[in-house]
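Quick notes on the structure that follows.
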Amino acid sequence: MIELLIPLAIVVLVITVGVAIHNGIISRMNAVARAWADVVVQERQKNNIIPNLEKVVEQYRQHEASLFEKITELRSSLKQLNTDNVDLKTLADTQAKTTMLLNGLYAVAENYPDLKASQVFNNLMAEITEQQENIGAAIRIFNQNVEAFNNGIEVFPNSMINSWFNKKRKLQTFSDSVAQGGFEYTPDIH
């Protein structure tokens, strides 16, 4: 009787471990999807602030027509972000446009002291800066979830379970080529 129970216990243990690994991979993939949705939500929340900024800057339009073009491009980029699809290139483009817009706004504020002195303008700029910080935090969380997911499908025995059942592929972390261009050093990670 014991000779039959030992192999049965081993089979039950292997199945239990396999199910636990399978569920862990699915949980980490769901965490990545949630983290990406959080990044998109933060970007879109920032987008809700842009119309108020447009109203404040409207009076300076004849002086800085290109600023409105940049705001429109940014809003268009934000609308392209999708919570269902991890699109790092679109997010990177949106981040670059946001940086250009903020630099343009600071330049406008320097050139027009009335705008710079406006409490509404200052509040909006503070809000946009806070939103940018929130987006940065959301991207860090997204990258941490991607790392946990990638580790979860690449380490043994998880890699075996993944190749047999889940067949999930390694995900790419978010990176900003503009920011990376500022460094002379590039790690040789392969």
Could you go step by step and tell me if L4 and L8 meet the side-chain contact (heavy atoms from CB on, under 4.5 Å) rule?
-> CA-CA 6 Å; L4 186 62; L8 183 61; 5.7 Å; no
Going by heavy atoms in the side chains, are E133 and T129 under 4.5 Å from each other?
-> yes
In the single-linkage hydrophobic clustering (I, L, V, M, F, W, Y; side-chain heavy atoms under 4.5 Å), do F156 and F149 co-cluster?
-> yes
Side-chain heavy-atom pair N145, R28 within 4.5 angstrom cut-off = no
Atom CH2 in W164, atom OG in S159: separation rounded to 0.5 Å?
-> 9.5 Å
In one Ile/Leu/Val/Met/Phe/Trp/Tyr side-chain cluster, 4.5 Å: I141, I139 | no
Short question: side chain of N150, backbone of K170 - any donor-acceptor pair under 3.5 Å?
-> no
Can you list the steps and then say if N158 with V155 is a side-chain contact (heavy atoms from CB on, under 4.5 Å)?
-> CA-CA 6 Å; N158 298 20; V155 298; 4.0 Å; yes
With respect to V19, which candidate in I21, N23, T16, V17 satisfies the side-chain contact (heavy atoms from CB on, under 4.5 Å) definition?
-> N23
In terms of hydrophobic clustering (I, L, V, M, F, W, Y; side-chain heavy atoms under 4.5 Å; direct or indirect links), are I6 and V14 co-clustered?
-> yes
State plainly whether one hydrophobic cluster holds both I25 and M160, where clusters connect Ile, Leu, Val, Met, Phe, Trp and Tyr through side-chain heavy atoms under 4.5 angstrom apart.
-> yes
Transitive ILVMFWY side-chain link I15 to L5, under 4.5 Å = no
Close side-chain approach of I26 and K168, heavy atoms under 4.5 Å | yes
